[in-house]
Amino acid sequence: MIRSKSRFLFRGAAFALGLVFGSLAGCTPVDDTLGQEYIPDANKMVTRMTEITDMADTYVAQGDSLQMSLVYSSDGYSYSFYNFLGKSAGAHTGVGYNCSSLLQFTPYLESYYSDTFGFNPTPDSLILYLYPASFSYLPNTADYSNEQVYNFYTLHDAPDPTTAYMSDFDPSPYYNTSDLLFKGTLSGRTIMKLKIPIDTEPGKSYAEGLLNDISIYEHDTVFLKTYKGLYATHDGVSPSGASYKFELNSQYSGLVLYYHNYDEENPAERLDTATVQYYLGPSYYDSAPISTSISVVKHTYDAQITAALNDTLPGDPTLTKTVVDALGGAYTYLRFKDKVLNTVTEKLFDNGIQYSTMVIDKATLEIALDVTGDPVAYNEAIQRLGLMQTYKWNFYYLNTSNQYNFYAGIPDYNYYYETQGSTLPYGGYIDRSRGVYTMDVTTYVQRLVTDPSKQKEMYLVPDLVYNLNYSFGAVYLKGTGSDNPVKLKLTYTLIK
């Protein structure tokens, strides 16, 4: 009983103290402006927010293409290249792709000391294996089992392997449509095995020619003078719902010729069965480029986009709809209007007070997708955009620091930092709830406010890491004069 009473008394005391402090607090006035009169006028500042709508003229441009041929590193031994095959009409994005490839092969005989195919070598079959090192689809465009038919033509001329070829490469000078070797069916399989029919005249002639003269195998350059390669392109008839991206493994992709020979003393007696392999690309032992493979990527846009490509001068018509496209496609060209700097000048006069300096605390560029509310379109769209002052598609120097100079326009951007697994907070991602891309351009706008002579032209493009992956992706955006034009949201501090 005593313990219970003590607890009751303690609670009572605490309650009484609470009443005392509560009454004192309730009676104490709070003055948020206390001491303001002691701040010198020159040090007074205010923070404000504003939004500048339709603040940029929008155009479309298409610059340097992505390199799509063999890429050698500086050591001359290691290399990488990309091959794309597939066609898509762009059911959701509205941007179409048509990807084809020129393929060159170098031979590898079963034995380093082989100097003959034997007596009366006869081809049994010729197989084209496509073995991707990486494999992906343009997402959500079709059933992945969708099959597309490709025409494979023999080349009558070969490109120079020491030259860099871009995604807008024109293959027409290297083949004739009359030189069709065979038709092959591609689908969503990880490994594709295409049998080249040797019972047709073109197939038979091609296969037998590989066995006619073993002297052409003495060196790869000699072989390539005779067999210059194949060109694979969509037949233009089969479905075009899915696109397949191949980064082909050159050690496993290529041709395999199966043949047999006969006993020279008894010509009717079948003797040996053997193979000759032809790899896609040169051997790792080659110290200089001997062959190459080139991908060709064609893009299809709305008629208004196509007609206005690279019309970016101040007097050219602006577009209410623009595009940003990967794989060497078009991008959006922005020119900041005078209203940006005019707004800054106007905001320096605030509530009857003329301020001398504006400090940009936060500047966010916002640009809307032309298609909103379509989750599939969001999936197919480029997931991250960057605003750059200098832009090139050409990644010829993949392993050097030269490429970093191309991206100096992204505020606070550091390519090396991001490629080490970190992501800098400049944004650029899709805000799906609002159907817009948002990106931090604080540094750029502050420089523009400080020095109005700074470059006002910017490029809205896929971010750097996205491009290095050579990924599919496209998005239409709303431009000048649209119902949701480009916006600039500012939070700023005025200093008197």
Side-chain angles (χ1 to χ4, degrees), residues 39-59 312 314 324 331-351 353-368 384-392 404-418 422-429 431 434 436-465 477 479-480 485-496:
I39 300 176
D41 290 343
N43 291 342
K44 288 182 179 179
M45 48 189 170
V46 296
T47 299
R48 299 281 188 263
M49 297 178 66
T50 191
E51 180 179 293
I52 308 174
T53 305
D54 205 11
M55 45 67 64
D57 289 327
T58 53
Y59 311 87
T312 60
V324 178
Y331 55 86
T332 295
Y333 184 101
L334 299 175
R335 179 178 288 110
F336 282 23
K337 294 181 178 180
D338 292 338
K339 68 188 300 182
V340 175
L341 289 174
N342 292 341
T343 300
V344 170
T345 301
E346 293 169 4
K347 297 299 180 183
L348 286 172
F349 188 76
D350 186 276
N351 288 333
I353 301 175
Q354 182 65 48
Y355 291 86
S356 61
T357 305
M358 176 184 286
V359 176
I360 306 299
D361 302 310
K362 183 79 169 180
T364 302
L365 186 81
E366 194 173 279
I367 187 163
R384 193 185 193 193
L385 299 180
L387 194 66
M388 307 179 189
Q389 286 180 293
T390 306
Y391 187 65
K392 288 180 180 287
Y404 305 155
N405 298 329
F406 299 163
Y407 297 90
I410 295 184
D412 304 319
Y413 188 75
N414 184 308
Y415 168 78
Y416 179 81
Y417 186 80
E418 284 223 347
S422 303
T423 301
L424 293 170
Y426 77 84
Y429 297 99
D431 182 339
R434 299 171 55 230
V436 298
Y437 289 93
T438 59
M439 57 199 70
D440 188 335
V441 292
T442 305
T443 303
Y444 170 73
V445 175
Q446 182 64 70
R447 290 172 182 166
L448 193 62
V449 169
T450 304
D451 182 3
S453 66
K454 289 286 185 182
Q455 176 181 328
K456 299 178 181 63
E457 294 79 21
M458 302 288 279
Y459 308 105
L460 193 62
V461 296
D463 75 279
L464 175 60
V465 176
L477 304 170
T480 307
V486 186
K487 297 181 180 67
L488 185 63
K489 296 184 175 180
L490 297 178
T491 302
Y492 57 93
T493 298
L494 298 174
I495 301 174
K496 189 174 181 183

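Only a predicted model underlies this, so the values are computations on that prediction, with no experimental measurement involved.
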Self-check item: Contact check, side chains of Leu365 and Val445, non-hydrogen atoms, under 4.5 Å
Solution: no
Quiz item: Are any side-chain N or O atoms of Lys362 and backbone N or O atoms of Met49, one a donor and one an acceptor, separated by less than 3.5 Å?
Solution: no
Self-check item: Worked verdict on Met439 versus Leu460 for side chain to side chain contact (heavy atoms under 4.5 Å, CB included)
Solution: CA-CA 11 Å; Met439 57 199 70; Leu460 193 62; 3.7 Å; yes
Quiz item: Among side-chain atoms of Thr491 and Asp361, is any donor-acceptor pair under 3.5 angstrom?
Solution: no
Quiz prompt | Check: Arg434 and Glu366 side chains under 4.5 Å, non-hydrogen atoms | solution = yes
Self-check item: Separation of Asp57 CG from Lys456 NZ (nearest 0.5 Å)
Solution: 13.0 Å
Practice problem: Give, for atom CE of Met55 and atom CG of Asp338, the distance between the pair rounded to the nearest 0.5 Å. | Solution: 11.5 Å
Exercise. Please identify each residue that fulfils ring-ring contact (aromatic ring centres under 6.0 Å, His included) with Phe336, with sequence neighbours left out.
Key: Tyr444
Self-check item: Side-chain donor/acceptor of Arg335 to backbone N/O of Thr312, under 3.5 Å
Solution: yes
Quiz item: At what distance, to the nearest 0.5 angstrom, does OG1 of Thr357 lie from CD1 of Ile495?
Solution: 5.5 Å
Practice problem: Decide yes or no on side chain to side chain contact (heavy atoms under 4.5 Å, CB included) for Lys347 and Arg48, but give the supporting numbers first. | Solution: CA-CA 9 Å; Lys347 297 299 180 183; Arg48 299 281 188 263; over 6 Å; no
Practice problem: Look at the side chain of Thr58 and the backbone N and O of Leu334, then say whether any donor-acceptor pair between them is shorter than 3.5 Å. | Solution: no
Quiz prompt | Distance, nearest 0.5 Å, that separates NZ of Lys339 from CD of Glu346 | solution = 10.0 Å
Practice problem: Of all the heavy-atom pairs spanning Ala363 and Thr442, show the shortest one and how long it is. | Solution: N-OG1, 3.0 Å
Quiz item: What is the minimum heavy-atom distance between Ile360 and Gln446, and which atoms define it?
Solution: N-OE1, 2.6 Å
Quiz prompt | Sole candidate of Asp431, Ile367, Leu477 that passes side-chain contact (heavy atoms from CB on, under 4.5 Å) when paired with Val436 | solution = Asp431
Quiz item: Would you say the side-chain atoms of Thr480 pair up with the backbone N or O of Ala56, donor to acceptor, closer than 3.5 Å?
Solution: yes
Quiz prompt | Ring centres under 6.0 angstrom apart (Tyr437, Tyr429) | solution = no
Quiz prompt | Salt bridge flag under 4.0 Å for residues Asp54 and Lys337 | solution = yes
Practice problem: Only one of Thr50, Val359, Thr47 passes side-chain contact (heavy atoms from CB on, under 4.5 Å) with Tyr492; say which it is. | Solution: Thr50
Practice problem: Write down the atom of Lys496, the atom of Ser356, and the distance for their closest heavy-atom approach. | Solution: O-OG, 3.1 Å
Exercise. Would you give the length of the straight line joining atom CD1 of Ile353 to atom CG of Leu348, rounded to the nearest 0.5 angstrom?
Key: 12.5 Å
Quiz item: Within the side chain of Thr364, is there an N or O that forms a donor-acceptor pair under 3.5 Å with the backbone of Asp440?
Solution: no
